[in-house]
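These notes concern the structure reproduced below.
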Amino acid sequence: MLKLSHMTKRYEIGKFKQTALDDVTLAFRKTEFVSILGPSGSGKTTMLNMIGGLDRFDAGDLLINGKSTKHFTNEEWDSYRNHSIGFVFQNYNLINHMSVLANVELGMTLSGVSASERKTRSLAVLERVGLIDHVDKKPNQLSGGQMQRVAIARALVNDPDIILADEPTGAIDTETSDQIMHLIKEISKDKLVIMVTHNEALAHEYSSRIVSLRDGKIISDTNPYEMKDGSSALLKLKQTSMAFSQALRLSFSNLRTKKFRTLITAFAGSIGIIGIALVLSLANGLDSEINRLEMTTLAEFPVQIDQVAFNFDLARQGPPERIDADLWDEFPETDEVYPYEEVLLDIQHVNDISEDYIRHVEALDEALYHQISYSRSVNMTVLHKQAEDNVYKLNNGAVRFGPMIEEPDFFDQSYDVLEGSMPVNATELLLVVDSYNRLNINFFNALGIDTSDQSFTFTDFIGMQFKVPFLDDYYLENSEGRFYTNGDLLGLYGDDSGIMLTISGIARVKENALSAIMGQGLKYHPGLVETYLDNAKDARIGVAQMSSDISVITGLPTTAAQIDQFLKSIGVISTPSQIRIYPVDFDAKQAITDHLDLFNEGLDDDMQVVYTDLAAIVTDLTSDVIDGISYVLIAFSAISLVVSSIMIGIITYVSVLERTKEIGLLRSLGARRKDISRVFNAETSIIGFTAGIIGVVSAFLLTFPINWLIRRLVDGIENIAVMPVLAFFLLIVISIFLTFVSGLVPARIASRKDPVVALRID
């Protein structure tokens, strides 16, 4: 059934060359006890390794049931060792962290034998070798003879065709040697037993055939056998495989023998997990607190609809790129002023607040809001003095302007005065150009200035005069006490009343300024508002509020037509410039925004009315800041996680070195290379799981003192550190994954170890 045909094996180490087997031809019967004798270096163990498939021949062939093995794959050799070969080693090669029963079962775990059948067969063979009372012991609790019996039981349990024994009595006393030899001889009655030994006396006493080797050649054979050509039995090779669950049990059993080192390694691996878990806990708690704040304190912040709405998401990405920037020089060293037509930015959206939309807003359930307020812009009308007739006149529209910066130091930090001087009283104005020395063309149009073929300099604007009419001049009262508009006012206006204003200086934002807070256009001195209101004390139009705009006016004419005429006459926009809806609570706010969204259904983007949820903007900004901080902290924690993973990889490599003999044993039992990798992948997975558990549990326990401390330091905040349930499991998975990856290289190194060399390691 087994034949070595002209087999040759040479070893080369550098320049040193040795022929271990030299054209050996030897056949074996299906059942016999063959002892191979010879001095050290004669090739005995090499022959045994060739027969067992642990080593590969250089020339010749190994025939099994007449089938050549020249082209066997690694998987076929693994299957051959598992199903056809049983090894008995001089040093037993038992796995010390496993019980006697588990050691015997080990080979069957690669054969796909069920757990119940493995136990039944193992107990039967242990009873046969006289160890049925020692099944739960560890190998180090047995005598040398008992350990060799365990090794024999392990070799027999898978019912192989061939038993290979390498010096089976070399490490035990004479009496025990006789017992072991009796047992092996009994086995040879129904199996082929090939034994390598130096003990010629035992060989002659128990063997049925003795083959002597010297210098790699057969010098004698006491009972030679010539195998006929052809196969005496069909060779069936079933692929071996170690289940990952078995690899886990094997690795867990090994790690239990190194409890302290395993726990220290797992704790080191958990440090990064603890850091990430705490950051996630704090971020989760802060997000919950922000959501609570939005649902309580910020819930009544208004939902706001403006004529020009901003896309805050785009605005936060940075300033928009100017599409016309290449046409102008920024911060030019010249006194020229350029008119330009303003382009709406991508971050801006113009809302058409139509009567239909107002009706849609007013259709809201009154139970959802405290109030709805409408604001209309009212600007002080600025009239430009016409030199030719010495009157002040409104040309193509009112010249709009706003307040200048009141704080001198802040102004000096952000702006340069390019011409003239800063306004020092209510009668002086400041003209602000943009960073390209430009003014909006609407400014020129409002002054009646033709911009087609003209260039302008700073001196063209210094000294330019304007007049702001008082409120009392806008209306007259008839005999019935009704108000009507002074229509003549907007045509011509003399010098006898109102506030005379003069441009005293021109300014531009500094190149290194953080922002152009004032924007371009006319800016008035803070004293102008006070003077304007003082001269309106007797007006029958009551001014409720005024900063840069007069926003609420009462006491107007009673009819809608009169109101509309009056508002238009003084520059008031009759369409609301802003609508604010104040919800009663968070759920009401959600219902309000859902209602507003209904209006936009089916409309193109540019026709939709965009609202601003102030509470959501505040909470989103805060959440984003917290998320950004969390990402940074997680990144720092991840560094320690990566470092600890590398350390686990190093420790896994140490484990590979410690378990080298175990690797050789597993290979001799038929374990594939991928099975060896699986064993060490299982080990790193266990360490990663333990590290993950330690990390998340430690982080969870740390949330209690953290919450206690924060409660004492900050009033009104409870349980700011709350670990998300998903993070609990996710971090464990991450820990397993990282340690698994860190162990891939050591596992690959283990899988590529030469089983012959591995078995020689003491």
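The residues of the chain are indexed from 1 along the displayed sequence.
For the residue pair Asp597/Tyr611, the side-chain donor-acceptor check at 3.5 Å is satisfied. Thr612 and Gln304 are not linked by any side-chain donor-acceptor pair at a separation below 3.5 angstrom, with hydrogens and angles left out of the test. No hydrogens or angles considered: nothing links the side chains of Ser354 and Asp352 as a donor-acceptor pair under 3.5 Å.
When the salt bridge (Lys or Arg N to Asp or Glu O under 4.0 Å) test is applied to Asp416, the partners found at least two apart in sequence or on another chain are Lys510. Take Asp356 and apply the salt bridge (Lys or Arg N to Asp or Glu O under 4.0 Å) test, not counting sequence neighbours, and it matches Arg359.
Distance alone, capped at 3.5 Å, is enough to place a donor-acceptor pair between the Gln520 side chain and the Asn440 backbone. Within the 3.5 Å criterion, the main-chain N or O of His360 finds a donor-acceptor partner in the side chain of His595. Here the side chain of Asn351 pairs no donor or acceptor atom with the backbone of Ile353 at under 3.5 angstrom. Proximity of a side-chain donor or acceptor of Glu330 to a complementary backbone N or O of Ser435 within less than 3.5 Å is not detected.
The aromatic rings of Phe443 and Phe461 sit tilted, their planes meeting at an angle between 30° and 60°.
The minimum heavy-atom distance linking Ser640 with Gly272 is given by the pair OG-CA, 3.3 Å. Here the closest heavy-atom approach between residue Ala721 and residue Ile706 is recorded as CB-CG2, 4.0 Å.
Counting only heavy atoms from C-beta outward, the side chains of Phe466 and Leu522 approach each other to under 4.5 Å. The shortest side-chain heavy-atom distance between Tyr436 and Tyr338 does not fall under the 4.5 Å cut-off. Side-chain contact between Phe458 and Ile503 is absent, with no heavy atoms from C-beta onward closer than 4.5 Å. In this structure, the side chains of Asp335 and Leu418 stay at 4.5 Å or more apart for every pair of heavy atoms.
Put simply, the residue from Leu730, Asn284, Leu731 that forms a side chain to side chain contact (heavy atoms under 4.5 Å, CB included) with Pro724 is Asn284.
Rounded to the nearest 0.5 angstrom, Leu286 CG and Ile720 CD1 are separated by 4.0 Å.
Within 6.0 Å of the OH atom in Tyr631, the count of heavy atoms belonging to other residues, nucleotides or ligands does not exceed 12.
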